[in-house]
Amino acid sequence: MLEEKTGYLDDMPVNIRIVHIENYPLHYHYDHEFIYVLRGYVTLKCGSSIYQMQQGDIFIINDSEVHGMYDCSDDNIVLMIQINADYFIRQFPTLSNNVYRTMGKERSNEEIIVLRNLLLKVAHNYISGITGYNTTNANIMIDVLHYCDKNFKSFYFEEKIVMHKKYDYPEIGERLGRIIDYIYEHHNEKLTLRELAEKEHFSEGYLSRLITAGTGLGFRELLAFARVEESEKILLSGPQKISSIASEVGFSTTAYYEKFFSKWFGEHPEEYRKMYSDRIKGNSPELVFELSKSDAKPIILNSIQNISFAADGNTEKALKHKEILEAYEKTTRSHDEILRFMLGEEGEAGISQNN
């Protein structure tokens with residue numbers, strides 16, 4: 001069964017697992033999931049891309065993305081945080097369409113450092129079992145989603161791998177994020193560049209150049225990519241005809257669908273289905289072993305101690321990050337206030353007043 005039904009304990013909207021992975025079969029779910037490699041390495045397949053995730057890497061699984069993990073190191077430990085879409089969509093109405101990407105060339109950039117710290121706080125609260133940790137963690141994950149909206153809602157294509165791109169001007173990333181979200185939401189419709197330009201109040205020429213410069217693809221190619229990516233779960237879920245799938249995801253002809261699917265996935269859709277049918281959940285053994293809280297605790301504490309503060313080799317910046325994160329551990333302020341401070345939206349006196 002390709003679709004995974006997610007249950008949440010005690011009606012709380014956050015599931016936390018600290019695991020060792022040998023094989024995690026292909027599946028999808030309707031909730032976002034944060035994958036954080038604490039030790040070793042794992043191979044993650046998500047859609048048409050395959051990522052070699054090393055210690056410290058974070059990947060966000062978006063709504064309905066087909067994914068799985070295999071070819072992992074013997075010593076791997078992975079933090080997995082899954083959030084309930086039905087709960088978080090109250091504050092993030094477009095969450096089901098949001099596409100986040102964190103994997104990029106800059107493995108130790110500032111945004112990733114902050115995201116690591118926030119996810120480790122969630123893990124630490126969980127293993128420590130502090131009073132009310134479920135509610136606290138739900139609030140932190142609200143901060144995380146706000147942070148991802150601000151920093152990780154855009155991507156580009158490095159050959160055939162979908163990667164995160166950091167922009168010098170954040171408003172460009174935010175604008176592209178909105179455009180990408182809209183394309184995914186309306187991928188099965190007769191979406192045109194003119195319609196999208198009118199929605200964003202741009203000229204068609206400007207929007208076309210923005211998409212190409214930002215993602216490396218033209219508008220039509222980006223739309224075709226969204227369609228073939230969305231088709232994967234239908235393709236692997238059963239014997240539906242290729243022509244029917246093509247029509248369902250918005251292609252005008254089966255040949256057009258086959259052309260673009262082969263371009264991104266490397267195989268004709270039917271061959272791809274045969275190739276991966278034995279790797280989907282239910283047909284392949286799930287070898288994921290959860291650590292006890294007592295076994296996980298030293299790993300989480302070690303990860304907190306070893307967060308890389310030295311972004312870009314800038315000693316002054318590194319010390320500032322360390323100061324902020326140490327203050328974060330001591331402060332009684334809300335997580336939202338701390339996040340705003342870490343993003344530079346408050347004065348430097350902000351934390352010291354509450355220590």
Side-chain angles (χ1 to χ4, degrees), residues 32 46-51 59-66 92-106 109 111-112 145-232 246 248-253 255-266:
H32 281 64
C46 182
S48 63
S49 299
I50 296 176
Y51 303 87
F59 193 93
I60 303 173
I61 305 296
N62 301 294
D63 183 314
S64 301
E65 287 187 323
V66 177
F92 303 89
T94 65
L95 182 61
S96 62
N97 299 313
N98 290 358
V99 179
Y100 302 123
R101 282 292 176 263
T102 53
M103 293 287 287
K105 292 180 179 179
E106 300 166 323
N109 64 44
E111 290 78 17
I112 289 293
L145 289 174
H146 280 302
Y147 194 68
C148 289
D149 274 351
K150 185 179 181 69
N151 293 285
F152 299 115
K153 275 185 70 175
S154 57
F155 58 79
Y156 76 108
F157 294 81
E158 188 172 296
E159 295 182 348
K160 293 186 178 181
I161 305 297
V162 184
M163 304 287 276
H164 167 61
K165 183 172 183 176
K166 183 179 179 181
Y167 294 93
D168 294 333
Y169 301 97
E171 63 271 15
I172 295 177
E174 293 174 13
R175 191 174 297 158
L176 279 167
R178 289 198 309 271
I179 291 166
I180 289 167
D181 290 351
Y182 191 83
I183 288 173
Y184 271 82
E185 182 178 2
H186 299 274
H187 71 274
N188 58 346
E189 303 172 12
K190 291 183 178 180
L191 185 61
T192 66
L193 184 65
R194 174 177 293 183
E195 176 187 340
L196 194 51
E198 289 176 352
K199 178 183 179 298
E200 289 291 326
H201 307 292
F202 298 143
S203 70
E204 289 183 53
Y206 174 81
L207 182 58
S208 178
R209 291 190 296 273
L210 176 66
I211 292 173
T212 301
T215 68
L217 300 181
F219 166 73
R220 289 188 178 278
E221 195 170 16
L222 180 59
L223 176 58
F225 173 80
R227 287 170 171 169
V228 297
E229 188 174 53
E230 290 293 318
S231 78
E232 185 187 15
E248 185 172 337
V249 297
F251 284 101
S252 56
T253 69
Y256 198 38
Y257 168 56
E258 292 170 340
K259 170 187 172 182
F260 275 98
F261 189 93
S262 298
K263 174 179 179 178
W264 292 106
F265 285 87

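It should be emphasised that the depicted structure is a prediction, and the values quoted were computed from it without experimental measurement. Any value given below was found using the heavy atoms of this structure, including those in side chains, with hydrogens, waters and symmetry copies removed.
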How about Lys199: does its NZ atom have over 12 heavy atoms from other parts shown lying under 6.0 Å from it? yes
Interatomic spacing from [atom1] in [X] to [atom2] in [Y] - rounded to 0.5 Å:
{"X": "Ile161", "Y": "Tyr156", "atom1": "CD1", "atom2": "OH", "answer": "10.5 Å"}
{"X": "His187", "Y": "Arg227", "atom1": "NE2", "atom2": "CZ", "answer": "8.0 Å"}
{"X": "Ile112", "Y": "Thr102", "atom1": "CD1", "atom2": "OG1", "answer": "5.0 Å"}
{"X": "Leu223", "Y": "Ile180", "atom1": "CG", "atom2": "CD1", "answer": "12.5 Å"}
{"X": "Thr253", "Y": "Lys259", "atom1": "OG1", "atom2": "NZ", "answer": "9.5 Å"}
{"X": "Ser49", "Y": "Phe59", "atom1": "OG", "atom2": "CZ", "answer": "7.0 Å"}

Which residues pass the side chain to side chain donor-acceptor pair (under 3.5 Å) test with Arg194, not counting sequence neighbours? Glu204
With sequence neighbours excluded, what pairs up with Glu198 under the side chain to side chain donor-acceptor pair (under 3.5 Å) test? none
For [X] and [Y], which heavy atoms make the closest approach, and how far apart are they?
{"X": "Ser208", "Y": "Leu193", "answer": "CB-CD2, 3.9 Å"}
{"X": "Thr94", "Y": "Asn98", "answer": "O-OD1, 2.8 Å"}
{"X": "Glu158", "Y": "Met163", "answer": "CB-CG, 4.0 Å"}
{"X": "Thr212", "Y": "Gly218", "answer": "OG1-CA, 3.7 Å"}

Applying side chain to side chain contact (heavy atoms under 4.5 Å, CB included), name anything that partners Glu111, two or more places apart in sequence or on another chain. Asn109, Tyr147, Asn151, Phe152, Lys166
For Arg175, the side chain to side chain contact (heavy atoms under 4.5 Å, CB included) test, sequence neighbours excluded, returns Arg178, Ile179, Glu200, Phe202, Tyr206, Leu210
Within residues 205-220 or reaching into it, pairs that qualify as salt bridge (charged side-chain N to carboxylate O under 4.0 Å, His left out) - sequence neighbours excluded: none
Taking the six-membered ring for Trp, are Phe225 and Phe157 ring centroids under 6.0 Å apart? yes
Is the gap between the ring centers of His32 and Tyr100 under 6.0 Å? yes
Can you check side chain to side chain contact (heavy atoms under 4.5 Å, CB included) on Leu217 and Ile211, steps first, answer last? CA-CA 7 Å; Leu217 300 181; Ile211 292 173; 5.6 Å; no
Min side-chain heavy-atom separation Leu207-Leu196 under 4.5 Å: yes
Any side-chain heavy atom of Glu195 within less than 4.5 Å of one from Tyr182? yes
Please verify the inter-ring angle class for Phe251 with Phe260; under 30° counts as parallel, over 60° as perpendicular, anything in between as tilted. parallel
Residues in salt bridge (charged side-chain N to carboxylate O under 4.0 Å, His left out) with Glu65, at least two apart? Arg101
Is it the case that the side chain of Tyr51 and the backbone of Val162 share a donor-acceptor pair, with hydrogens and angles ignored and the cut-off at 3.5 Å? yes
When you compare the side chains of Tyr256 and Glu258, does any donor N or O come within less than 3.5 Å of an acceptor on the partner? no
Quick one, Val228 with Val249, criterion side chain to side chain contact (heavy atoms under 4.5 Å, CB included). Give me CA distance, side-chain angles, the key distance, then yes/no. CA-CA 8 Å; Val228 297; Val249 297; over 6 Å; no
Evaluate Val66 against Cys46 for side chain to side chain contact (heavy atoms under 4.5 Å, CB included), listing each step before the verdict. CA-CA 6 Å; Val66 177; Cys46 182; over 6 Å; no
Starting from the C-alpha separation in whole Å, work towards a yes-or-no answer on side chain to side chain contact (heavy atoms under 4.5 Å, CB included) for Leu222 and Ile183. CA-CA 8 Å; Leu222 180 59; Ile183 288 173; 3.6 Å; yes
